[in-house]
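All remarks here apply to the structure that follows.
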Amino acid sequence: MRVAIASDHGGLNIRKEIIALMEEMNIDYTDLGCECGTSVDYPDYAIPVAEKVVSGEVDRGILICGTGIGMSIAANKVKGIRCALAHDTFSAKATREHNNTNILAMGERVIGPGLARDIAKVWLTTPFEGGRHELRVNKIRTYEAGQ
Ligand code: RB5
C-alpha cells in the first residue's frame with residue numbers, strides 16, 4: 001500500500017508519529033509536508049494529498065491539522081475522496097469496513113500521539129467489508145458523477 005501524508009503546523013508532531021509507524025509497518029509513504037516553520041493553510045496540504053489518492057498515485061492519504069476538521073472538509077471536496085475524521089479506534093475501524101474511506105484525518109489539538117498511532121494502525125489494516133456497504137458507497141459515487 002502507498003500512502004500520502006501531510007499536516008499543517010497544527011499537526012506536525014502527530015505527522016512525525018504516523019510516519020514512524022508507517023516505517024515500522026513497512027508502508028511505502030510520501031510525505032507532502034508541511035515544513036511548518038510558519039503558520040500554513042490546511043487546504044494547501046489536504047488537496048494535493050486528495051488529488052494523489054484520486055489519481056491512483058497513492059492508495060490512501062492521512063491528514064493532520066489542529067482539529068482534523070479543516071483537513072477533512074477540504075479533502076472531501078475532491079471527487080472520489082471519502083475522508084473520515086476519526087478520534088477513536090472504533091470509528092477508524094468502522095469507517096474502513098463500512099465507508100471504504102481513502103483518507104483519514106486527525107486533530108493534534110484533540111488527541112495525543114499514542115491514540116493517533118493506534119487509530120492510524122487500525123485504519124491502515126482494516127479491509128472494506130463490501131456487500132451492502134458497497135451499494136451505499138456507490139450511491140455517493142453516483143451522486144458525485146452527476147455533479
Ligand atoms: C490552524 O490554526 C487550525 O485552524 C488548523 O490546524 C485546523 O484545526 C483547521 O481546521
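Just so you know, ligand 1 is whichever comes first in the structure, and atom 1 is the first atom listed for that ligand.
- At a 3.5 angstrom cut-off on N or O pairs, Y42 does not count as close to ligand 1.
- Under 4.0 Å is where a charged nitrogen must lie from a carboxylate oxygen, and between R117 and E17 at least one such pair does.
- Judged by distance alone, the side chain of T142 and the main-chain N or O of N138 form a donor-acceptor pair under 3.5 Å.
- Contacts between M71 and ligand 1 below 4.0 angstrom, taking non-hydrogen atoms only, are absent altogether.
- At a 3.5 angstrom cut-off on N or O pairs, G70 counts as close to ligand 1.
- The backbone and the side chain of T67 each have at least one atom closer than 4.0 Å to an atom of ligand 1 (non-hydrogen atoms only).
- Looking only at heavy atoms of the protein, atom 7 (C) of ligand 1 is closest to C65 SG, 3.4 Å.
- When the shell of 6.0 Å around CD of E24 is examined, it contains more than 12 heavy atoms from other residues, nucleotides or ligands.
- One hydrophobic cluster, built from ILVMFWY side chains closer than 4.5 Å, cannot hold both I19 and I103; they sit in different ones.
- Given atom 3 (C) of ligand 1, the protein heavy atom at minimum distance is R109 NH1, 3.7 Å.
- Expressed to the nearest 0.5 Å, how far NE2 of H98 lies from CZ of R136 amounts to 8.0 Å.
- Salt bridge D28/R2: absent, no basic N to carboxylate O contact under 4.0 Å.
- At a 4.0 Å cut-off, not a single heavy atom of E108 sits close enough to ligand 1 to count as contact.
- For G66, a nitrogen or oxygen atom sits less than 3.5 Å from a nitrogen or oxygen atom of ligand 1, counting backbone and side chain alike.
- Protein heavy atom nearest atom 1 (C) of ligand 1, with residue, atom name and distance: H9 NE2, 3.6 Å.
- Between the side chains of W123 and T101, at least one donor-acceptor pair of N or O atoms lies under 3.5 Å.
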